Amino acid sequence: MKIGVFGVGYVGLTTALGFASKGHRVFAVDKDETKIELLRQGKVPYFEPGAQDILERRREMLSFSTDPALVVREAEVIFICVGTPSLPDGSADLSQVEEVARFIAEEMQDYRLIVEKSTVPVHTAYWIKRTINLYRKKEVPFDVVSNPEFLKEGTALSDFLHPHRIVIGAETQRARDIMGQLYRDFKVPIIYTDVKTAEIIKHASNSFLATKISFINMVADLCEAVGADVEMVAEGMGLDPRIGKEFLKAGVGFGGSCFPKDIKAFYRIAEENQVDFSLLKEVERINLERPARFLKKIKKVIWNLKGKTIGILGLSFKPNTDDVREAPSLKIIKLLMEEGAQIKAYDPVAGENAKRVIPSLQLSPEPYSLARGANALALITEWEEFKNLDWKKIKDLMETPIIFDGRNFLEGRKLASLGFEYYPVGKPPLGKRNG
Ligand code: UDX
């Protein structure tokens, strides 16, 4: 099929690469000339495992352009994957979606199937349809369907190619048939439903996952207070299939481009419809409190932070991505800096992106120079390589061997036996020296 993609961010580029790898011809467009130029040169503009490989292998199936008219002319199925950032009141800014709808309306000569892929509030398909009806130049038939994307950064392509489910919200048989054809060889359950239900499935899924994380983070606080172990609690809960073990990892809170924005937008759309979903306000509040709580813990151990050097391990909002949007690391670093601490940071790929947000941030080229002279290390992102560091060497390089593990990622017992004081989340510390 000929597929058009508006927007080459994480969702758009993954959609483009994913369908190209399935043998479809893809026309992708974005306003951002730098990104398009990079893609034309065969370079993925951000770090995402597997993306570069598909881009190289499927070059002949992919066109990148800044000309939206080309996409509308060439592609029968057009995916809208543009950004839907938060407005100050928390609702989603849908102006880019409207802009795409207008482009399509103005250029459309034949039937087009328009697919919402970006995370949008319920009713957005209605507005896309209305916009096209208002601006189209010819009486051309079209359909708007909702086909939310559930990809996670860091595993985006495998999530796209091997999803747990495909959700298709469509109002006509023609639209359902085309979407069914497109996903023909994906061997997973396909849920066909109406457009509004599909839109809600996406927001409800992300909001529920965020709720799970805030829930376990509160359990972690309680475990810390009474000396219990949140990881064992999560395991004990998660074995119940009604609960499930995923997304019960306590830590320094959730970040990224989706959860923080989606819980706000879902709350707002509920409010606009006179539904009080204040549960989500609590989920947000708990998450916003995490960095300050982590700081408090550091202060309880380090005492005065002024003049102390803290090394930050990991800056991206999660491993395997260079994305620092809403990253807990940045909030924690700012709080530590306000207390007068000297901050050094290391991340395998996200350093430069973090420096754009905090220009004064001192980056270390590798973890050992980060450790040299540090009073403590704080692990904020669980990059796999941190597990295999030479911790004995790190201990010898540090001024005082103290580790705050914001993700319960390291082997605490081993570190304690090496002489570290080890502070996990929601579990008793190990190796603590008293008095
Ligand atoms: C999320 C959804 O998982 C995905 O389905 C949706 O399409 C987009 O939003 P993403 O933001 O890429 O994906 O990352 P995810 O792996 O979900 O992690 C989000 C945040 O939650 C990260 O900061 C992560 O560290 C945190 N998290 C996740 C926890 O703190 N604990 C957990 O148990 C799981």
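Small disclaimer: the values here were computed from a predicted structure and weren't measured.
Checking side-chain atoms of Asn147 against main-chain N and O of Val167 turns up a donor-acceptor pair under 3.5 Å. Panel note: side chain Lys22, backbone Leu17; no donor-acceptor pair is recorded below 3.5 Å. Using modelled atom types, no side-chain atom of Ser91 and backbone atom of Leu87 make a donor-acceptor pair closer than 3.5 Å. With Thr321 contributing its side chain and Asp323 its backbone, the two residues share a donor-acceptor pair below 3.5 Å. Using modelled atom types, one side-chain atom of Asp405 and one backbone atom of Phe409 make a donor-acceptor pair closer than 3.5 Å. In terms of modelled atom types and a separation under 3.5 Å, the side chain of Glu48 and the main chain of Ala156 share a donor-acceptor contact. Side-chain atoms of Thr124 never come within 3.5 Å of backbone atoms of Val120 as a donor-acceptor pair (strictly under, hydrogens ignored).
We find that Arg293 and Glu224 are joined by a salt bridge, their nearest charged nitrogen and carboxylate oxygen being less than 4.0 Å apart. We find that Glu98 and Arg130 are not joined by a salt bridge, their nearest charged nitrogen and carboxylate oxygen being 4.0 Å or further apart. Salt-bridge formation is detected for the pair Lys264/Glu284: a Lys NZ or Arg NE/NH1/NH2 atom is positioned less than 4.0 Å from an Asp or Glu carboxylate oxygen. Salt-bridge formation is detected for the pair Arg136/Glu139: a Lys NZ or Arg NE/NH1/NH2 atom is positioned less than 4.0 Å from an Asp or Glu carboxylate oxygen. Asp240 has no carboxylate O lying under 4.0 Å from a charged side-chain N of Lys245, or vice versa, which leaves the two without a salt bridge. Note on Lys196 versus Glu199: no salt bridge recorded, every NZ/NE/NH1/NH2 to OD/OE distance being 4.0 Å or above. With salt bridges taken as basic N to acidic carboxylate O contacts below 4.0 Å, none links Arg174 and Asp143. A salt bridge links Glu339 with Lys299; the closest basic N to acidic carboxylate O contact falls under 4.0 Å.
Between Ile216 and Val230 there is a side-chain heavy-atom pair separated by less than 4.5 Å. Put simply, the side chain of Thr381 does not reach to within 4.5 Å of the side chain of Arg407, judged on heavy atoms. Contact annotation: the side chain of Met61 never approaches that of Val26 to less than 4.5 Å [non-hydrogen atoms, C-beta and beyond]. Residues Val145 and Leu113 are in side-chain contact: their nearest non-hydrogen atoms beyond the backbone lie under 4.5 Å apart. Val115 places none of its side-chain heavy atoms less than 4.5 Å from the side chain of Ile78. A 4.5 Å side-chain heavy-atom check between Phe277 and Ile269 finds every atom pair outside the cut-off. Between Phe64 and Leu55 the shortest side-chain heavy-atom distance falls below 4.5 Å. Within the 4.5 Å cutoff, no side-chain heavy atoms of Val252 are placed close to those of Lys331.
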So Glu289 and Arg285, salt bridge (Lys or Arg N to Asp or Glu O under 4.0 Å) or not? Walk me through it.
CA-CA 6 Å; Glu289 255 178 16; Arg285 184 192 64 73; 2.7 Å; yes
For Leu361 and Leu315, run side chain to side chain contact (heavy atoms under 4.5 Å, CB included): C-alpha distance rounded to whole Å, both residues' side-chain angles, the deciding distance at 0.1 Å, then the answer.
CA-CA 11 Å; Leu361 182 62; Leu315 293 163; 4.3 Å; yes
Please test Lys117 against Ser146 for side chain to side chain donor-acceptor pair (under 3.5 Å), starting from the C-alpha separation and ending with a verdict.
CA-CA 7 Å; Lys117 198 76 163 144; Ser146 164; over 6 Å; no
Evaluate side chain to side chain donor-acceptor pair (under 3.5 Å) for Glu37 paired with Thr34, printing each intermediate quantity in order.
CA-CA 5 Å; Glu37 195 40 48; Thr34 324; over 6 Å; no
Could you give me the CA-CA distance, side-chain angles and deciding distance for Ile332 and Ile380, then say whether side chain to side chain contact (heavy atoms under 4.5 Å, CB included) is met?
CA-CA 9 Å; Ile332 291 166; Ile380 309 295; 3.7 Å; yes
Evaluate Lys187 against Asp185 for side chain to side chain contact (heavy atoms under 4.5 Å, CB included), listing each step before the verdict.
CA-CA 6 Å; Lys187 303 279 173 265; Asp185 59 348; 4.2 Å; yes
Salt bridge (Lys or Arg N to Asp or Glu O under 4.0 Å) between Glu271 and Arg268, worked out
CA-CA 5 Å; Glu271 194 183 39; Arg268 285 287 301 159; 2.5 Å; yes
List the steps and the verdict of salt bridge (Lys or Arg N to Asp or Glu O under 4.0 Å) for Lys427 and Glu231.
CA-CA 8 Å; Lys427 300 196 322 176; Glu231 280 193 302; 2.6 Å; yes
Chi angles and distances behind the side chain to side chain donor-acceptor pair (under 3.5 Å) call for Asn353, Tyr46:
CA-CA 10 Å; Asn353 284 346; Tyr46 51 80; over 6 Å; no
Start with the C-alpha gap between Ser278 and Asp276, add the side-chain angles, then the distance that decides, and say whether side chain to side chain donor-acceptor pair (under 3.5 Å) holds.
CA-CA 6 Å; Ser278 46; Asp276 179 5; 3.1 Å; yes
Using the rule given for salt bridge (Lys or Arg N to Asp or Glu O under 4.0 Å), can you reason through Glu153 versus Arg325, listing the C-alpha separation, both sets of side-chain angles and the distance that settles it, and then say yes or no?
CA-CA 12 Å; Glu153 289 180 28; Arg325 282 176 288 178; 3.7 Å; yes
Check the pair Glu149, Thr119 against side chain to side chain contact (heavy atoms under 4.5 Å, CB included), reporting the backbone distance first and the verdict last.
CA-CA 8 Å; Glu149 182 52 58; Thr119 304; over 6 Å; no
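Across all non-hydrogen atoms, the minimal contact from Leu13 to Pro45 is CD2-CD, 4.0 Å. The minimum heavy-atom distance between Cys81 and Gly12, with the atom names listed, is CB-CA, 3.4 Å. Nearest heavy-atom pair, Thr84 versus Ser118, reported as atom, atom and distance to 0.1 Å: CG2-CB, 4.1 Å. In this structure, Ala170 and Ala175 approach most closely via the heavy-atom pair CB-CB, 4.1 Å. Nearest heavy atoms, Ser329 versus Gly314: CB-O, 3.8 Å. Of all the heavy atoms in Val71 and Ala28, the pair that sits closest is CG2-C, 4.4 Å.
With Phe27 as the aromatic partner, Lys2 does not meet the cation-pi criteria of under 6.0 angstrom to the ring centre and within 45 degrees of the ring axis. Taking the ring axis of Phe150 as reference, the NZ or CZ atom of Arg165 stays within 45° of it and closer than 6.0 Å to the ring centre. Remark: Arg176 fails to qualify as a cation-pi partner of Tyr192 under the 6.0 Å distance and 45° angle criteria applied to the six-membered ring.
Within a 6.0 Å radius of CD in Gln52, more than 12 heavy atoms belonging to other residues, nucleotides or ligands are found. For Lys344, the NZ atom is densely surrounded, since the number of other residues' heavy atoms within 6.0 Å is greater than 12. Remark: Arg57 CZ is packed, more than 12 non-hydrogen atoms of other residues, nucleotides or ligands lying under 6.0 Å away.
Checked against a 6.0 Å centroid threshold, the rings of Tyr111 and Phe142 do not count as neighbours. The six-membered or imidazole ring of Phe404 lies near that of Tyr423, with a centre-to-centre distance under 6.0 Å. Under the 6.0 Å cut-off for aromatic ring centres, Phe19 and Phe79 qualify, their centroids lying closer than that.
Between Phe186 and Phe160, the ring-plane angle classifies as perpendicular under the 30° and 60° cut-offs.
Applying the salt bridge (Lys or Arg N to Asp or Glu O under 4.0 Å) test to pairs two or more places apart or on separate chains, those with a residue in residues 24-34 are Lys31-Glu99.
Inspection of the Asp177 and Gln173 side chains reveals an N or O donor paired with an N or O acceptor under 3.5 Å.
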